[in-house]
Each structure stands twice: as C-alpha cells, then as structure tokens.
Amino acid sequence: MKKALLIIALSVSIVSCKKTAEIKEVKTAYVDTSILMKEYTEAKDLQAKYKAKSEEKGRQLDAEIARFKQDASNFQSQAQANGQAWAQQKGAELQKREQQLGQAQQALAQQLQQESSVEMDSVVSGVKKFIKAYGKEKGYDYIYGTGDAASILYAEEKYDITKDIIKLLNEKYKSPAKKEEVKK
C-alpha cells in the first residue's frame with residue numbers, strides 16, 4: 001500500500017513538473033499611440049497637407065470676406081444719402097451675402113475634415129497592419145495600445161516599443177519616396 005501511494009505521489013509530481021515546464025512565458029509590449037501619431041512622418045505629412053490646403057482655400061474665402069466688409073462699410077456711409085428704401089434693399093442683400101459666406105466657411109471646413117478623416121483612417125489602418133506584422137515577426141503574444149484612448153492603465157517602460165515602431169514605420173514610409181526619386 002505504501003508503495004502504491006509512493007508511486008501515485010511520484011506520478012503526480014512528474015505530471016505537474018511537465019505541466020510547469022510547458023507553461024510558456026507570454027511576450028507582451030505596448031505602443032503609445034498618441035506619440036506614434038505625433039511622430040510618424042506620414043501622419044505629420046498628412047496634417048501639413050491639409051493645413052496648407054486649408055490655408056489656400058481659406059485665402060480665397062478671406063478675399064470674399066474682405067470685399068463683403070468693404071461693401072458693408074460703404075453701405076453705412078451711403079445709407080443716409082440714398083434713402084430708406086435703398087438701405088433696406090441693400091441691407092437685405094448684404095445680410096444674404098453674409099449668410100452665404102458663413103455657409104461657405106462651414107462647407108469648406110466640413111469638406112477638409114471629411115477628406116482628411118478618410119486619409120487618416122487609411123494611415124491608422126496601415127499602422128495597425130504594420131504593428132500586427134511586427135508582433136508576429138518578433139514573437140509577441142500581445143501588443144497593447146496606450147495614449148488618448150488608453151486600454152492600459154499601467155505598464156513598465158521596458159515593454160514600450162513605441163520608438164521601435166515609429167522608427168520602422170518612418171523608414172518604410174521614406175523608402176518608396178526614395179525609390180521614386182531614383183527613377184526620375
């Protein structure tokens with residue numbers, strides 16, 4: 001009986017040792033997504049593109065607004081000289097122009113917002129695919145995201161791979177541009 005208990009105890013300890021040896025260490029890391037998007041060259045280029053586009057289209061609208069302000073200023077000085085009927089008619093025209101300019105400003109802002117959102121969504125999607133491929137290549141079980149929409153409340157800095165991801169993404173982003181320049 002003692003031998004049977006001893007054999008059972010040894011069997012249990014051998015099985016438990018095998019299970020402990022089979023436990024795999026989980027490899028994890030995280031990326032600070034807010035820093036990533038601030039330092040990723042493609043995202044910066046996209047922001048610069050839409051800032052320039054906004055300024056260019058804004059200048060055109062600013063010229064129309066300046067003409068409106070000039071007309072409004074002239075209206076005030078001419079209103080007394082031309083009478084009440086003229087002033088009411090011209091005032092209504094100016095009011096209508098002011099509304100149209102406001103609507104044009106809103107439409108421009110919405111158009112630029114929609115265009116940049118579509119392109120930024122494409123950039124974000126590409127970054128996610130890149131991080132997924134990076135994780136597979138480097139043998140990570142999990143790569144978490146932190147930043148504005150944090151999914152991690154705490155992590156040791158040694159698990160932060162944000163700089164590695166930024167460096168590799170920027171290298172990947174620059175390489176097609178360099179190839180195109182060489183072809184020209």
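Quick note: residue numbers are just sequence positions, from 1. Hydrogens, waters and symmetry mates play no part in the numbers below; they use all other heavy atoms, side chains included.
In terms of the salt bridge (Lys or Arg N to Asp or Glu O under 4.0 Å) criterion, D160 has no residue partners (sequence neighbours excluded). Checked against salt bridge (Lys or Arg N to Asp or Glu O under 4.0 Å), E93 has the following partners two or more places apart in sequence or in another chain: K90. Shown here are the side-chain hydrogen bond (donor to acceptor under 3.5 Å, both in side chains) partners of Q106, two or more places apart in sequence or in another chain: there are none. Remark: Y142 pairs with Y144 by the ring pair (Phe, Tyr, Trp, His ring centres under 6.0 Å) rule, at least two apart or across chains. Shown here are the salt bridge (Lys or Arg N to Asp or Glu O under 4.0 Å) partners of K136, two or more places apart in sequence or in another chain: there are none.
The side-chain heavy atoms of E157 and Y30, taken from C-beta on, include a pair separated by under 4.5 Å. Between V127 and Y40 there is a side-chain heavy-atom pair separated by less than 4.5 Å.
Applying the salt bridge (Lys or Arg N to Asp or Glu O under 4.0 Å) test to residues at least two apart or on different chains, the pairs with a partner in residues 105-120 are K49-E119, K53-E115.
Between the D32 side chain and the T162 main chain, no donor and acceptor come within less than 3.5 Å of each other.
The two atoms that bring I161 and I143 nearest to each other are CD1-CD1, 3.9 Å, heavy atoms only.
Here L61 contributes atom CG and L101 contributes atom CG; the two are 6.0 Å apart, rounded to the nearest 0.5 Å.
Environment of CD in E55: crowded, with over 12 heavy atoms of neighbouring residues, nucleotides or ligands closer than 6.0 Å.
With salt bridges taken as basic N to acidic carboxylate O contacts below 4.0 Å, one links R97 and D71.
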